[in-house]
Q: 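Below is a structure I'd like to ask you about.
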Amino acid sequence: MTDAAPATDDIEAIRDVAPALPDDAEGVERVRRALVEWYEADHRDYPWRRTENAYEILVSEVMSQQTQLDRVVAAWEDFLERWPTAANLADADRSDVVSFWTSHSLGYNNRAKYLHEAARQVEEEYDGSFPESPDELQELMGVGPYTANAVASFAFNAGDAVVDTNVKRVLHRAFDVPDDDSAFEDVAQFLMPEGESRVWNNAVMELGGVACGKTPRCDEAGCPWRAWCHAYETGDFTAPDVPTQPTFEGSRRQMRGRVVRILGEYDELALDTLGPRVRVDYGGEHGREWLRGLVDDLADDGLVDVDEGTDDVVVRLRQ
């Protein structure tokens, strides 16, 4: 990732539409690093993520438009085995391409026709070399702004920030971005490190697909933005595509957010002083064990410090 820090005036401007973002350059860089490090440590291993071949990526993007990714894998591999290059596809009979599409239940057959025509364009109009910018890629048949940007990002590392439904959900929940297309685009572009569209767009889409779906899996997926997330702190996980509050695993996420908010009001608190402030029914050995597990999780995430005092366990926000 680039080490260039965003300008202070840029941060102040973007926080008008993303109030939960950190208000300093160092904080924004921590947000960026946390996401990329999370993605690079472990992510779903789709085969098109292991290639920078524009043709192979275009095929995956077109197939994925109406089909779940896990189902796309076999179709993508079969397609490339039969037509391994754009030149091979351009030379194919269109009826064979459409027949393949139908036999693999890939949805609208027009997309097969468009893909075939796009391959012909690459061969005839671009001398067999794919255009590299989002604008140029949109000249290919059936390639709209989203697909063009994805190919530019993943094949050439030359795309803009991806803004799809999943990304909107992530930005709305994490940084309290309003449900406004221009706001989402501004925040997404601001957060993406310059010249890093390949890893960044993969990472933020992975976050939306794995950790921040309609029913979030914040703790289970180890979401890297929990320390900043507005939804995680408040317990309100509604989003533009999630109009009502989804069901969560008990109230653990909400309780974690409550611990952080309470500790923000005090320098430090003993465990048994913190407990009743977190939940009114706190008490007994079971309640103490529950709260200790909660603060230990927060400590593992770097959010709090836990000190074993002689008389009690003391908890404070990590500075």
Q: Say you draw a straight line from NZ of Lys168 to CG of Leu171; how long is it, rounded to the nearest 0.5 Å?
A: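 Result: 10.5 Å between the selected atoms.
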Q: If you look only at pairs with a residue in residues 80-103, which of them pass as a ring-ring contact (aromatic ring centres under 6.0 Å, His included), with sequence neighbours excluded?
A: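 Every pair satisfying ring-ring contact (aromatic ring centres under 6.0 Å, His included) with a residue in residues 80-103: Phe79-Trp83, Phe79-Phe100, Trp83-Phe100, Phe100-His104.
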Q: I'd like to know whether Val242 forms a side-chain contact (heavy atoms from CB on, under 4.5 Å) with Arg173, so could you lay out the CA-CA distance, the side-chain angles of the two residues, the decisive distance to 0.1 Å, and finally the verdict.
A: CA-CA 11 Å; Val242 188; Arg173 285 174 173 168; 3.7 Å; yes
Q: Should Met255 and Leu291 be marked as a side-chain contact (heavy atoms from CB on, under 4.5 Å) after you check the CA-CA gap, both sets of side-chain angles, and the distance that decides it?
A: CA-CA 9 Å; Met255 294 300 105; Leu291 183 59; over 6 Å; no
Q: Is there a donor-acceptor pair closer than 3.5 Å between any side-chain N or O of Arg316 and the backbone N or O of Leu263?
A: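 A pair under 3.5 Å: no.
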Q: Could you see if Val98 belongs to whatever hydrophobic cluster contains Met63? Use Ile, Leu, Val, Met, Phe, Trp, Tyr and a side-chain cutoff under 4.5 Å.
A: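 No.
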Q: Do Leu298 and Val259 have side chains that approach each other closer than 4.5 Å (heavy atoms only, starting at C-beta)?
A: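 Contact flag for Leu298/Val259 side chains = yes.
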Q: Let me confirm one number: the CZ-CG distance from Arg318 to Asp305, rounded to the nearest 0.5 Å.
A: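 Result: 4.5 Å between the selected atoms.
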Q: Which pair of heavy atoms, one from His116 and one from Ala90, lies closest together, and at what distance?
A: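 Result for this residue pair: NE2-O, 3.7 Å.
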Q: Using a strict threshold of under 4.0 Å (side-chain N to carboxylate O), is an ion pair present between Asp45 and Arg49?
A: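 Between Asp45 and Arg49 there is no salt bridge, as every charged N stays at least 4.0 Å from the carboxylate O atoms.
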Q: So do Ile14 and Val28 actually touch side chain to side chain, heavy atoms under 4.5 Å?
A: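 They are not in side-chain contact.
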Q: Can you name the closest pair of heavy atoms from Pro240 and His172 and give their distance?
A: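 What the structure gives for the nearest pair is CD-CG, 3.6 Å.
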Q: Side chains of Asp96 and Ser99: is there a donor and an acceptor less than 3.5 Å apart?
A: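 The criterion, which ignores hydrogens and geometry beyond distance, is not satisfied for Ser99 and Asp96.
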Q: Backbone N or O of Gly195 within a donor-acceptor pair of the Asn157 side chain at under 3.5 Å?
A: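 It does hold such a pair.
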Q: Taking ring-ring contact (aromatic ring centres under 6.0 Å, His included) as the cut-off, I'd like each qualifying pair that reaches into residues 38-76, sequence neighbours left out, listed once.
A: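 Counting only pairs at least two positions apart or across chains, the ring-ring contact (aromatic ring centres under 6.0 Å, His included) contacts touching residues 38-76 are Tyr39-His43, Tyr46-Trp48, Trp48-Trp76.
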Q: Give the minimum heavy-atom separation between Ala92 and Val97, together with the two atoms involved.
A: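 Heavy atoms only, the tightest pair is CB-CG2, 4.1 Å.
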Q: What residues form a side-chain contact (heavy atoms from CB on, under 4.5 Å) with Glu52, not counting sequence neighbours?
A: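 Listed in chain order: Arg198.
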Q: Using side-chain heavy atoms (C-beta onward) and a distance below 4.5 Å, is Glu56 in contact with Arg50?
A: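 They are not in contact (no side-chain heavy atoms under 4.5 Å apart), so the answer is no.
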Q: Considering only heavy atoms from C-beta outward, does the side chain of Leu269 approach that of Arg277 to under 4.5 Å?
A: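 Yes, their side chains come closer than 4.5 Å.
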Q: Under the 3.5 angstrom rule, does the side chain of Asn202 hit a backbone N or O of Val199 as a donor-acceptor pair?
A: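 Answer holds: no.
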Q: Determine, step by step, whether Glu117 and Gln121 satisfy the side-chain contact (heavy atoms from CB on, under 4.5 Å) criterion, reporting the C-alpha distance in whole Å, the side-chain angles of both residues, the deciding distance to 0.1 Å, and the verdict.
A: CA-CA 6 Å; Glu117 182 58 32; Gln121 285 180 264; 4.2 Å; yes
Q: Is Leu115 reachable from Tyr108 through a run of I, L, V, M, F, W or Y residues, each pair having side-chain heavy atoms under 4.5 Å apart?
A: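 In one cluster: no.
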Q: Just jot down the side-chain contact (heavy atoms from CB on, under 4.5 Å) partners of Arg217, sequence neighbours excluded, or say none.
A: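 Counting only residues at least two positions away or on another chain, Arg217 forms a side-chain contact (heavy atoms from CB on, under 4.5 Å) with Val210, Glu220, Ala221.
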Q: Could you give the distance from CD1 (Ile57) to OG (Ser64), rounded to the nearest 0.5 Å?
A: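 The distance works out to 11.5 Å.
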Q: Taking only residues two or more places apart in sequence, or in another chain, which ones meet Gln65 in a side-chain hydrogen bond (donor to acceptor under 3.5 Å, both in side chains)?
A: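 Result, side-chain hydrogen bond (donor to acceptor under 3.5 Å, both in side chains) vs Gln65: Thr147.
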Q: Got Asp91 and Glu123 here, is their nearest side-chain heavy-atom distance under 4.5 Å?
A: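 SC-SC contact between Asp91 and Glu123 ruled out.
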Q: For residues 142-162, pull every pair meeting ring-ring contact (aromatic ring centres under 6.0 Å, His included), keeping only residues two or more places apart or in separate chains.
A: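 Passing the test, one end in residues 142-162: no pairs.
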Q: Could I get the full list of side-chain contact (heavy atoms from CB on, under 4.5 Å) partners for Pro178, not counting sequence neighbours?
A: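 Residues passing side-chain contact (heavy atoms from CB on, under 4.5 Å) with Pro178: Val17, Ala183.
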Q: If we only count heavy atoms from C-beta on, is the Cys212 to Trp225 side-chain gap below 4.5 Å?
A: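 Cys212 vs Trp225: side chains apart.
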Q: Could you list the donor-acceptor pairs under 3.5 angstrom formed between side-chain atoms of residues 125-137 and any protein atom two or more places apart in sequence or on another chain?
A:
residue	atom	partner	partner atom	Å
Ser133	OG	Glu136	N	3.1
Ser133	OG	Glu136	OE1	3.2

Q: Tell me if the CG atom of Asp42 is crowded by more than 12 foreign heavy atoms within 6.0 Å.
A: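 No, the 6.0 Å shell around CG holds no more than 12 heavy atoms from other groups.
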Q: Going through the checks in order, is the side-chain contact (heavy atoms from CB on, under 4.5 Å) test met by Tyr266 and Leu317?
A: CA-CA 9 Å; Tyr266 301 88; Leu317 281 183; over 6 Å; no
Q: Which value, rounded to the nearest 0.5 Å, describes the distance between Glu40 atom CD and Glu206 atom CD?
A: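 So the CD of Glu40 and the CD of Glu206 are separated by 12.0 Å.
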Q: Does the side chain of Val177 reach to within under 4.5 Å of the side chain of Asp186, using non-hydrogen atoms?
A: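 Of all side-chain heavy-atom pairs linking Asp186 with Val177, none is under 4.5 Å.
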Q: Does Asn201 use its side chain to pair, donor to acceptor, with the backbone of Asp160 at less than 3.5 Å?
A: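 Flag set: sc Asn201 to bb Asp160 pair under 3.5 Å.
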Q: Give a yes or no answer on whether the side chain of Arg292 reaches the backbone of Val313 with a donor-acceptor pair at less than 3.5 Å.
A: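 Flag not set: sc Arg292 to bb Val313 has no pair under 3.5 Å.
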Q: Looking only at heavy atoms, which two atoms of Gly159 and Ser197 are closest? And how far apart?
A: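 Reported closest heavy-atom pair: N-OG, 3.0 Å.
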Q: Evaluate the side-chain proximity of Asp164 to Val167: yes if any heavy-atom separation is below 4.5 Å, no if none is.
A: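 Side chain of Val167 against side chain of Asp164, heavy atoms only: contact under 4.5 Å found.
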Q: How far does CD of Glu29 sit from CG of Asp24, to the nearest 0.5 angstrom?
A: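 With rounding to 0.5 Å, CD (Glu29) is 10.5 Å from CG (Asp24).
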Q: For Ala18 and Val187, work out which heavy atoms get closest and say how close.
A: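 For Ala18 and Val187, the tightest heavy-atom pair comes out as CB-CG2, 3.9 Å.
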Q: Report the hydrophobic cluster partners of Met141, with the cluster defined as I, L, V, M, F, W, Y residues connected by side-chain heavy atoms closer than 4.5 angstrom, directly or transitively.
A: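 Tyr114, all in the cluster of Met141.
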Q: Can you see which heavy atom on Arg226 is nearest to which on Cys218, and at what distance?
A: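 Residues Arg226 and Cys218, closest heavy atoms: CD-O, 3.8 Å.
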Q: Within a reach of under 6.0 Å around CD of Glu265, are more than 12 heavy atoms found that belong to other residues, nucleotides or ligands?
A: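 For Glu265, atom CD is crowded (more than 12 foreign heavy atoms under 6.0 Å).
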Q: Does Arg261 have any side-chain contact (heavy atoms from CB on, under 4.5 Å) partners at least two apart in sequence or in another chain, and if so, which?
A: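 With neighbours one apart ignored, the set is Glu233, Arg258.
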Q: Show your working on side-chain hydrogen bond (donor to acceptor under 3.5 Å, both in side chains) between Thr165 and Asp241 and close with a plain yes or no.
A: CA-CA 7 Å; Thr165 300; Asp241 64 329; 5.8 Å; no
Q: Just to verify, what does Asp70 make a salt bridge (Lys or Arg N to Asp or Glu O under 4.0 Å) with, not counting sequence neighbours?
A: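 Salt bridge (Lys or Arg N to Asp or Glu O under 4.0 Å) check on Asp70 returns nothing, list empty.
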Q: As an exercise, state the distance from CG of Asp179 to CG of Asp181, rounded to the nearest 0.5 Å.
A: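 Reported to 0.5 Å precision, the distance equals 7.5 Å.
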Q: Using the side-chain hydrogen bond (donor to acceptor under 3.5 Å, both in side chains) criterion, which residues pair with Ser95? Sequence neighbours excluded.
A: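 Once residues adjacent in sequence are excluded, Ser95 has no partner under the side-chain hydrogen bond (donor to acceptor under 3.5 Å, both in side chains) criterion.
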